[in-house]
Amino acid sequence: AQKVTQAQTEISVVEKEDVTLDCVYETRDTTYYLFWYKQPPSGELVFLIRRNSFDEQNEISGRYSWNFQKSTSSFNFTITASQVVDSAVYFCALSGGNDMRFGAGTRLTVKP
Amino acid sequence: GAVVSQHPSWVICKSGTSVKIECRSLDFQATTMFWYRQFPKQSLMLMATSNEGSKATYEQGVEKDKFLINHASLTLSTLTVTSAHPEDSSFYICSARLRGDRYNEQFFGPGTRLTVL
């Protein structure tokens, strides 16, 4: 069975602070894909990143970075110098077979 | 990129009526489409997986007679909420997977907010 755990329900930071969103997953598949999505108040999911199980290289995209560690089954997401526009719910998701399983989400609030 | 649309974006209906939500892949063929439901402040929960030309596969606990899914073509899937009740009020999101995609990536529609009075 596949499972994604986002233990942080809500995080509140002040603008310009760095913040890390945790994601831990469980799967028996040897080939799988991990994703991060942003869901702003409008509700539409915004794709942020996809990672396959064979690529543990960390990735940086502007203020966003991701740390994938198979040894701890984690795929954490860091926002550097957070901004008010980063306020949203962030979902980590795992896809190994035919479907995709989402974590519970982390609601990030960035205060000015 | 691959674009998925949903129609309507929001709908309000009376209890007991049926509501149909459309999900279209605009610029690609989708052999598989997914339907999710999201209650306020909760995560997306997969309701069903539909493959073009075959019956949908429902997740445990989802009533197939209440949530009718039709995937008649490679670009269109519909979800009909039959005899809707207030507890069916939710945000419904569809997604589609590219034909031949090897990354298991799903492209999500913007969602449909259903309110049943």
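Given the structure is predicted, the values throughout are model-derived calculations rather than measurements.
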Checklist entry - Taking atom types as modelled, is there a side-chain donor on B/Q38 or A/Q39 under 3.5 Å from an acceptor on the other? => result yes
Checklist entry - Looking at A/F91, A/F47, A/Y37, A/F35, which one forms a ring pair (Phe, Tyr, Trp, His ring centres under 6.0 Å) with B/F108? => result A/Y37
Checklist entry - Between A/T78 and A/T20, do the side chains contain an N or O donor and an N or O acceptor separated by less than 3.5 Å? => result yes
Next on the checklist: Between B/Q42 and chain A, with a heavy-atom cut-off of 4.5 Å, which part of the residue counts as in contact: side chain, backbone, both or neither?
Outcome noted: backbone
Item to check | Interchain contact, B/L44 with chain A, by part (heavy-atom threshold 4.5 Å) | outcome: both
Checklist entry - Will you find, in the side chains of A/T80 and A/D18, an N or O donor that is under 3.5 Å from an N or O acceptor? => result no
Checklist entry - Measuring heavy-atom distances to chain A, does B/F107 have an atom under 4.5 Å in its side chain, in its backbone, in both, or in neither? => result neither
